[in-house]
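What follows is a single structure, written as structure tokens, with notes after it.
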Amino acid sequence: MILYLLRRLAVTAAILVVICAASFAIFYLMPADPAQGACGKACSPERIAEIRATLGLNRPLPVQFWDYLVGIVSGRTYGTGAQAVNCPFPCLGFSFQTDQPVWPMLTSRLPVSISIALGAAVLWLAVGVAAGVVSALRRGSLWDRAAMTAALGGVSLPIYFTALVLQYLLVVKLNVLPYPRVVPVTQDPAGWAQSMVMPWITLAMLYAGVYARITRGEMLDSLGQNYVRTARAKGLPEVTVVRRHALRPALMPIVTIFGMDLGALLGGALITESVFGLPGVGKLAADAIAGADQPVILGVTLFAAAFVVLANLAVDLVYAVLDPRVRAVG
Amino acid sequence: MTALLETRELVKRFPVRHGLTRRLAGHVTAVDGVSLRVEPGETLGLVGESGCGKSTVARLLTRLERPTEGAIRFAGQDLADLDETALRPVRRELQMVFQDPFSSLNPRQTVRRILASPYQYQGLAPDEPVERLLERVGLRPEHADRHPHEFSGGQAQRIGIARALALRPKLVVCDEPVSALDVSVQAQILNLLKDLQDEYGLAYLFIAHDLGAVRQISTRIAVMYLGSVVETADRDTLFDAPAHPYTRALLSAVPLPDPDAERARERIVLRGDLPSPLNPPSGCRFRTRCPKAADRCAAERPALRAIAPGHEVACHFPEWNEGNDQHSPEWNEGNDQHSPEWNEGNGQHSPERNDGNGQHSPERNDGNSQHSPERNEGNDQHSPEATP
Amino acid sequence: MTLLTVRDLTVDFGSGIRAVDGLDLDLDTGQVLGVVGESGSGKSVTSLAVLGLLQGATVSGEIRFDGRELTTLDQRSLRRLRGDRIAMVFQDPLSCLNPYYTVAFQIAEAYRAHHRAGRREAHKVAVRMLERVGIPEPERRARCYPHEFSGGMRQRVMIAMALCLEPDLLIADEPTTALDVTVQAQILDLLRELRREVGTAIMLITHDMGVVAGLADHVVVMHQGHAVERGAVRDVFRRPQQPYTRGLLACVPRIDGPLPHRLPTLEMTG
């Protein structure tokens, strides 16, 4: 098992290097010149050449990539002498626009993204799975049809639309919530929760719809399994039959997609954060894209990719714990 | 005259991967040194329980799988290493009927297209209209433009048979062709296969786990256990005087539809389960469940050798009754019928011939002397291991 | 003593599909009733109807078990009967066992559904039952999952689960159809032995005339939802009165007796 874990971690690292290479290639082969971006509008050709030298942009691409990888592992220094800029470990690049290394920019934004992602996840899991289970148990009923229509609505409504409607209703009309702002959970938990409710609902509406539909399908599938019939034939109470014998197998695929979704969200909920103006990783990405701050875009991409890949690994491990057939022979 | 199909020491190993890591855990030898022969116009029944490798044999013979080792001679040509292009003309004469008629028929195609596909693959013009072909297998001409789902299981299997017959093959490999069907439909399909054999002089390799069906259609029968053939005999000998303990147990396990006979008979109930093919027992594969197992069985793997003409057994202590003579009246004539090459033919397959001995069963001479007392005991007690 | 009486049982699946059509059955305490028929004869539907496990079907007629009418019984009382007094063994043991739980858990669960028993006590019952049905090393095997068992062992687990509460009636729906013939012999032996020792009545549903011949006292031959013939096993096998029964007996190729060149076939009706 430990050997397996080490191997999986090695594979994960390899995947990240590949993603790194791909994003690196895309960003540095794009027509926009990073040096131009770093320098600003009024910029002399000499200044650009100087920045190019500092960033190492005049060196061959593979060398640049190698430097970048080395930077991640051990930190690096851009330029020399008085102009030298230190980028400590783990160096995901240096934003010359904001004059700071990318890594601390990311980590300072992370708590907001985590707040949004985790809260929304709890909400959408609870609502989505519950709605799906009830729909499956009352297949074809009015509830089923209503829930599935709502789910379809939730899936198809764009986030910015939901977000704006929510803000109009809850903040402007009813005045029950403050406009979202950053309240650290450690200082004021209640205020934190209040400020996060709208982003949570916005995101959860999108995901709950998906989860309700998947749960319903999986439940219908597992309710039709022979072992559910066996459980009934044993004389188990219907609640036990559903919970123990139908729901548990049905949750297995949900674990998979939940891991993926959560991983992706931890890497930044771009639209939601932007709409509510919350300074999370997604907002950072949006701003960086708007400002063509390539080191930041690259950093966010890698950061988000790492979450997805690690979530993938976590899902596989959880699966091994949950499913005895996968666990079987180590 | 030579055999239509002959395999020699056919071996198929599959890699086995395990657990989360998908690491290679070893190889399963699904087919382990199988030598069979099918004469023109005869039916060789291949029986065994699940996991014995009989379906893999079918897939090797029709070259849906490539054998790991061994030779497959069909109509004078070795198929073992042919590529798909070279196999194309062979497939004209060597066809297959599958177990599940529905999953082996394309649901989107009409029967007409399904039955035309063998010709298309061969680049031939159909030599008889689809309607005629349907009539041969007991379906009506107007069925030609329907889709597979419009048929019952038995009818769908008839379509599968019609497709196999379209190119007028010499040999049809039938892999459990009736086991997915209801008993009354099974009888119809067995009769159809027999009628077609009478009409076209087809040979069949009939693979099944149902011993009744195998008896009904086969002229000779081979019994497989854990990848190897343990006994081969003509039909009557196999059912009346089985010599391998596994064959005997298999036969005694088949329930008879007769309450008195069923309750009165001696039943040999095998202990335990089939051993894992990943880690088969040493020596004789059957010894872990065999009522007669002795030390020698663990040490030495018994080779398939003849205890009577046309009756081969892979057992150190075969059951051998004087009854054999009674039950196989064709002892003498039978030779000529079933293996016409008896005299001039290849020694490998009839080890009791003098030239064959040395090659195929080196332990044969001492083996004989050891076995003889055992045979006599066996005769007297009849079947000491049988539980009443 | 009569244990189960079925009168005029009719099962409709809507849109005019009538799976069982006016079926009568009688089963005495401790007896084995074979219900034979081909697929679509309604034999499995009948067994599920007795347990009240049919979903989306209209069941009419009488099902009297030990003096109680089951068709009108409320769900709660029916649930109490299931597993405790009427247990069931199904055809495909792999799909009938939940892959996520150990075999001991699944047996103990049946026990605890009807007995006030702690986990440990129920586990002990499960281990004892596993031993009872001939699973080697029951202590260790109890903690295994169904996929770690062979087909025959899984069916033994199903039987252990069904018999852990010593039911009055065991409904075995094609209990050996998915098994190899030598394993089938083991399971049939086990059923014979348990019947002798526990005295459970068995309703044995199968398509295999041989299985009925070896185990049943009485037999009902079903065809298209009807009982076409019934009687003591010996009478029905020796002197079948109906052409369908005769055909069903004759069309099965046997491993003994004379060998016809062609098998007699049943002319399919309908």
Side-chain angles (χ1 to χ4, degrees), chain B residues 47-52 152-154 178 180-192 194-195 198 208-217 225 235-236 238-240 246 249-263 265 267-274 276 289 387, chain C residues 36-41 134 136 149-153 176 178-190 192 206-217 219 232-238 244 247-257 259-268:
Chain B
V47 284
E49 298 180 282
S50 49
C52 74
S152 69
V178 297
L181 307 173
D182 262 326
V183 285
S184 61
V185 185
Q186 285 189 6
Q188 295 167 8
I189 297 294
L190 289 173
N191 285 342
L192 173 67
K194 255 194 163 172
D195 294 346
D198 292 346
H209 67 277
D210 179 346
L211 286 141
V214 168
R215 175 172 183 246
Q216 175 63 27
I217 200 158
Y225 184 81
R235 176 190 59 212
D236 292 336
L238 192 98
F239 280 90
D240 296 338
Y246 176 65
L250 203 58
L251 288 176
S252 87
V254 178
L256 301 175
D258 176 340
D260 295 327
E262 176 65 13
R263 281 159 214 223
R265 73 203 278 227
R267 190 174 283 106
I268 309 166
V269 176
L270 292 179
R271 296 164 296 182
D273 283 323
L274 194 72
S276 161
R289 305 172 73 196
T387 49
Chain C
V36 236
E38 298 185 272
S39 54
S41 63
F149 279 47
S150 68
M153 300 262 274
T176 58
L179 306 175
D180 275 319
V181 59
T182 57
V183 182
Q184 164 172 285
Q186 294 174 346
I187 296 294
L188 291 177
D189 251 26
L190 176 66
R192 259 181 225 114
T206 179
H207 70 281
D208 189 333
M209 296 302 252
V211 170
V212 172
L215 201 59
D217 304 301
V219 61
V233 159
R234 184 166 298 173
D235 297 338
V236 172
F237 278 78
R238 279 285 136 93
Y244 181 77
L248 205 57
L249 280 165
C251 74
V252 182
R254 295 178 58 154
I255 63 158
D256 60 343
L259 194 70
H261 184 69
R262 298 180 97 251
L263 289 163
T265 53
L266 268 168
E267 282 321 308
M268 295 305 285

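Numbered from 1 within each chain, the chains take letters A, B, ... in sequence-line order.
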Part of [X] within contact of chain B (heavy atom distance under 4.5 Å):
X: C:V236; value: neither
X: C:L179; value: neither
X: C:A250; value: neither

Supply the atom-to-atom distance [X] [atom1] to [Y] [atom2], rounded to the nearest 0.5 angstrom.
X: C:T182; Y: B:H209; atom1: OG1; atom2: NE2; answer: 11.5 Å
X: C:L259; Y: B:I217; atom1: CG; atom2: CD1; answer: 11.0 Å
X: C:I255; Y: B:S252; atom1: CD1; atom2: OG; answer: 8.0 Å
X: C:L263; Y: B:I189; atom1: CG; atom2: CD1; answer: 12.0 Å
X: C:D189; Y: B:R267; atom1: CG; atom2: CZ; answer: 6.0 Å
X: B:L192; Y: C:T265; atom1: CG; atom2: OG1; answer: 11.5 Å

Side chains of B:P255 and C:D208 in contact at under 4.5 Å (non-hydrogen atoms): yes
Please find the pair of heavy atoms, one from [X] and one from [Y], that lie closest to each other, and give the distance.
X: C:C251; Y: B:S184; answer: SG-CA, 3.7 Å
X: B:P259; Y: C:V233; answer: CG-CG1, 3.2 Å
X: B:L190; Y: C:P253; answer: CD1-CG, 4.0 Å
X: C:F237; Y: B:P257; answer: CD2-O, 3.2 Å

Hey, does the side chain of [X] reach the backbone of [Y] with a donor-acceptor pair shorter than 3.5 angstrom?
X: C:Q186; Y: B:G272; value: yes
X: C:R254; Y: B:G212; value: no
X: B:N191; Y: C:R262; value: no
X: B:Q216; Y: C:P260; value: yes
X: B:D182; Y: C:E38; value: no

Is [X] in contact with chain C via its backbone, its side chain, both, or neither, using a 4.5 Å heavy-atom distance?
X: B:R235; result: side chain
X: B:D273; result: side chain
X: B:R215; result: both

Heavy atoms of other groups near B:R263 CZ, more than 12 under 6.0 Å: yes
C:H261 and B:D198 side chains, donor-acceptor separation under 3.5 Å: yes
Chain B contacts, top residue of C:S150, C:G214, C:G40, C:G257 (heavy-atom pairs, under 4.5 Å): C:G214
Residue among C:A216, C:P264, C:P136 with most heavy-atom pairs under 4.5 Å to chain B: C:A216
Residues C:Q184, B:V254; criterion side-chain contact (heavy atoms from CB on, under 4.5 Å); working and verdict: CA-CA 9 Å; C:Q184 164 172 285; B:V254 178; over 6 Å; no
For chain C, the option from B:L250, B:V214, B:L251, B:D258 that forms the most heavy-atom pairs under 4.5 Å: B:D258
Verdict with reasoning, B:D260 to C:R238, per side-chain contact (heavy atoms from CB on, under 4.5 Å): CA-CA 10 Å; B:D260 295 327; C:R238 279 285 136 93; 2.7 Å; yes
